[in-house]
Amino acid sequence: MLKKKNLLIYAHYYIPDTASTGQILRELAEGMLDKFDITVICVVPSYLGTIEDKYKTQKYYEEEINGVKVLRIRVPEFSKTNKKSRVKNIVSYFFGAMGATFKVGKMDYIFSISQPPILGGLLGVWGKWVKHAKYIYNIQDFNPEQVLAVGYTKSKLVTDAMMWFDKFSCKRSDLIITVGRDLVETVENRFKGKKVPKTVMINNWIDENEIYPLNERNERVVAFKKKYGLDGKFVIMYSGNIGLYYDLENLMKVVERIKPGTKTADGREVVFAFVGAGSVLDKLVLYVKERHMDNVAFIPYQDKADLIYSLNAGDVHWCVNAKGIKGVSCPSNVYLKHSVAA
């Protein structure tokens, strides 16, 4: 029997955090345990900004989850609407992960994702150097292209520096994995067709044994609708990160045109449900409150075990991106919606 290779994954977020990348990396890691001994370096559970007291006393926490060794880094709490606190949180993860690299043993492969922006790629380069390993860079979102698309910063100095560092990470990788065809083209365009790093496309996925269509009369689906006032309604749903890159503020202006009390041909009232959290949630809540949009409901993130019921509560699902995001990002919730609609 061949000895397993050692694989180190820099994940930023990992289960039980609800970040889509954390869920995908969990399934990836657990699915490769027959070939690799896998260690994940990530933050303590903190995707929504708060941290349980049990994760506030040590610098590092070691766990094992379903056969995967997990080394967690303590980071400060943050607010998704406060740039300074987010930066402090992300930088703490970056330097903590650099230090944590010395706490794990010999590694044959390093796998890092493009989260947090720029720093995720640099962590992979760091791991490659420290462990003398092969480096696989999984780009879920391109930056600074994403930052430029939504106008998050107007500083050319900052965006030029971001581009230099991320191209540096690409050049130092042994393989780049992107999650869509357009994203492969973005890699090629970055290097203008010259000395393009080896790149392949592997789509994100959903476990269709966990997410699949249910009968609308399923008691758990009905219970979810009743809990959030959706029972008997025609539900148009957005489920996922309520963040910067999905043009949700403009989407809300479209929703505003559908007045409360509007009904479908079969007599059901049309309502809009936004399930999740993120940096623009407070803006959307305020917008709805000020305009008395009583046909809009905001619902917190659901546990993964309950996701099948919340998704099946929607009659129609939004899958949206901001203008300029094509070739830069591919929203992971498209895989969830395709599975439910199949």
Side-chain angles (χ1 to χ4, degrees), residues 7-15 17-32 36 38-47 65 68 70-73 75 86 89-98 100-101 104 107 109-128 131 133-147 162 165-180 183-184 186-187 190 197-206 240-241 243 245 325 327-335:
L7 171 63
L8 173 62
I9 298 176
Y10 292 104
H12 194 190
Y13 295 113
Y14 196 68
I15 60 166
D17 271 325
T18 53
S20 60
T21 51
Q23 303 294 334
I24 288 168
L25 289 176
R26 172 252 179 124
E27 292 175 6
L28 178 69
E30 293 179 10
M32 296 194 300
F36 298 94
I38 298 176
T39 301
V40 173
I41 293 178
C42 60
V43 295
V44 297
S46 55
Y47 182 61
I65 303 176
V68 177
V70 180
L71 180 57
R72 297 191 185 275
I73 300 157
V75 290
R86 292 197 74 176
N89 176 276
I90 288 169
V91 170
S92 295
Y93 162 65
F94 178 70
F95 286 110
M98 290 180 72
T101 305
V104 300
M107 292 292 158
Y109 295 95
I110 306 295
F111 185 100
S112 181
I113 65 169
S114 54
Q115 291 294 331
I118 311 302
L119 300 183
L122 291 176
L123 276 178
V125 176
W126 171 255
K128 175 178 180 173
K131 297 301 179 183
K134 298 286 187 181
Y135 170 36
I136 302 162
Y137 186 17
N138 179 214
I139 300 181
Q140 298 279 332
D141 311 290
F142 280 96
N143 277 291
E145 291 92 337
Q146 193 176 51
V147 164
M162 291 174 70
F165 279 114
D166 208 53
K167 286 177 69 174
F168 172 80
S169 298
C170 291
K171 291 175 183 177
R172 295 299 181 273
S173 69
D174 295 281
L175 177 68
I176 295 173
I177 297 175
T178 71
V179 296
L183 278 70
V184 174
T186 300
V187 176
R190 273 186 168 190
K198 184 178 179 181
T199 305
V200 299
M201 181 194 75
I202 301 177
N203 291 126
N204 286 344
W205 58 84
I206 185 64
N241 179 23
Y245 307 117
I325 291 295
V328 174
S329 176
C330 183
S332 295
N333 58 10
V334 72
Y335 304 102

Run the side chain to side chain contact (heavy atoms under 4.5 Å, CB included) check on Asn241 and Tyr47 step by step: do they pass? CA-CA 11 Å; Asn241 179 23; Tyr47 182 61; 3.9 Å; yes
Could you walk me through whether Tyr135 and Ser169 pass the side-chain hydrogen bond (donor to acceptor under 3.5 Å, both in side chains) test, one step at a time? CA-CA 10 Å; Tyr135 170 36; Ser169 298; 5.2 Å; no
Could you walk me through whether Thr186 and Glu145 pass side chain to side chain contact (heavy atoms under 4.5 Å, CB included), step by step? CA-CA 10 Å; Thr186 300; Glu145 291 92 337; 4.0 Å; yes
Tell me, with the steps shown, if Asp166 and Tyr137 meet side-chain hydrogen bond (donor to acceptor under 3.5 Å, both in side chains). CA-CA 10 Å; Asp166 208 53; Tyr137 186 17; 2.6 Å; yes
Assess whether side chain to side chain contact (heavy atoms under 4.5 Å, CB included) is satisfied between Leu183 and Ser329, documenting all intermediate values. CA-CA 7 Å; Leu183 278 70; Ser329 176; over 6 Å; no
Apply side chain to side chain contact (heavy atoms under 4.5 Å, CB included) to the pair Leu122 and Trp126, showing each step before the final yes or no. CA-CA 6 Å; Leu122 291 176; Trp126 171 255; over 6 Å; no
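Side chain of Arg72 to backbone of Cys42: no donor-acceptor contact under 3.5 angstrom is found. For the pair Asp17 (side chain) and Ser46 (backbone), a donor-acceptor distance under 3.5 Å is present. Between the side chain of Lys128 and the main chain of Arg172, a donor-acceptor pair closer than 3.5 Å is present. At least one donor-acceptor pair closer than 3.5 Å links the side chain of Ser112 to the backbone N or O of Gly120. Judged purely by atom type and a 3.5 angstrom limit, Asn203 uses its side chain to pair as donor or acceptor with the backbone of Val179. Checking side-chain atoms of Lys131 against main-chain N and O of Leu8 turns up no donor-acceptor pair under 3.5 Å. Of the possible donor and acceptor atoms, none in the side chain of Ser173 sits under 3.5 Å from a partner among the backbone N and O of Ile136. The closest donor-acceptor contact from the side chain of Thr199 to the backbone of Pro197 lies under 3.5 Å.
The shortest non-hydrogen separation linking Ile73 to Ser92 is CG2-O, 4.4 Å. Of all non-hydrogen atoms in Ala100 and Leu71, the two that sit nearest each other are CB-CD2, 3.6 Å. The minimum heavy-atom distance between Asn143 and Arg190, with the atom names listed, is O-NH2, 2.8 Å.
Here Tyr109 contributes atom OH and Phe36 contributes atom CZ; the two are 6.0 Å apart, rounded to the nearest 0.5 Å. For the atom pair CD1 (Ile176) and SG (Cys170), the distance works out to 4.0 Å, reported to the nearest 0.5 Å. Atom CD1 in Ile118 sits 12.0 Å away from atom NZ in Lys167 (nearest 0.5 Å). Annotation: the span from Leu123 atom CG to Gln115 atom CD amounts to 12.0 Å, rounded to 0.5 Å.
Gln146 places none of its side-chain heavy atoms less than 4.5 Å from the side chain of Pro144. Side-chain atoms of Thr101 and Tyr10, non-hydrogen and from C-beta on, do get closer than 4.5 Å to each other. In this structure the side chain of Leu25 reaches within 4.5 angstrom of the side chain of Ile113, judged on heavy atoms. Side-chain atoms of Phe94 and Ile90, non-hydrogen and from C-beta on, never get closer than 4.5 Å to each other. Contact check for Ile38 versus Ile9: side-chain heavy atoms found under the 4.5 Å cut-off. At least one side-chain heavy atom of Leu28 sits less than 4.5 Å from a side-chain heavy atom of Phe111. Using a 4.5 Å heavy-atom threshold, the side chains of Glu30 and Val68 count as touching.
The 12-atom threshold is not exceeded at CZ of Phe165, counting heavy atoms of other residues, nucleotides or ligands nearer than 6.0 Å. Crowding of Lys134 atom NZ: a count of heavy atoms from other residues, nucleotides or ligands under 6.0 Å not exceeding 12. Atom CZ of Phe168 has more than 12 neighbouring heavy atoms from other residues, nucleotides or ligands inside a 6.0 Å radius.
Between Ile202 and the choices Ile177, Asn138, Thr178, the side-chain contact (heavy atoms from CB on, under 4.5 Å) rule is met once, by Ile177. Of the candidates Gln23, Glu27, Gln140, Gln140 is the only one forming a side-chain hydrogen bond (donor to acceptor under 3.5 Å, both in side chains) with Asn204.
If you check the side chains of Tyr13 and Thr18, you find no donor sitting under 3.5 Å from an acceptor.
Taking the six-membered ring where the residue is Trp, His12 and Tyr93 present parallel rings, their angle staying beneath 30° rather than reaching 60°.
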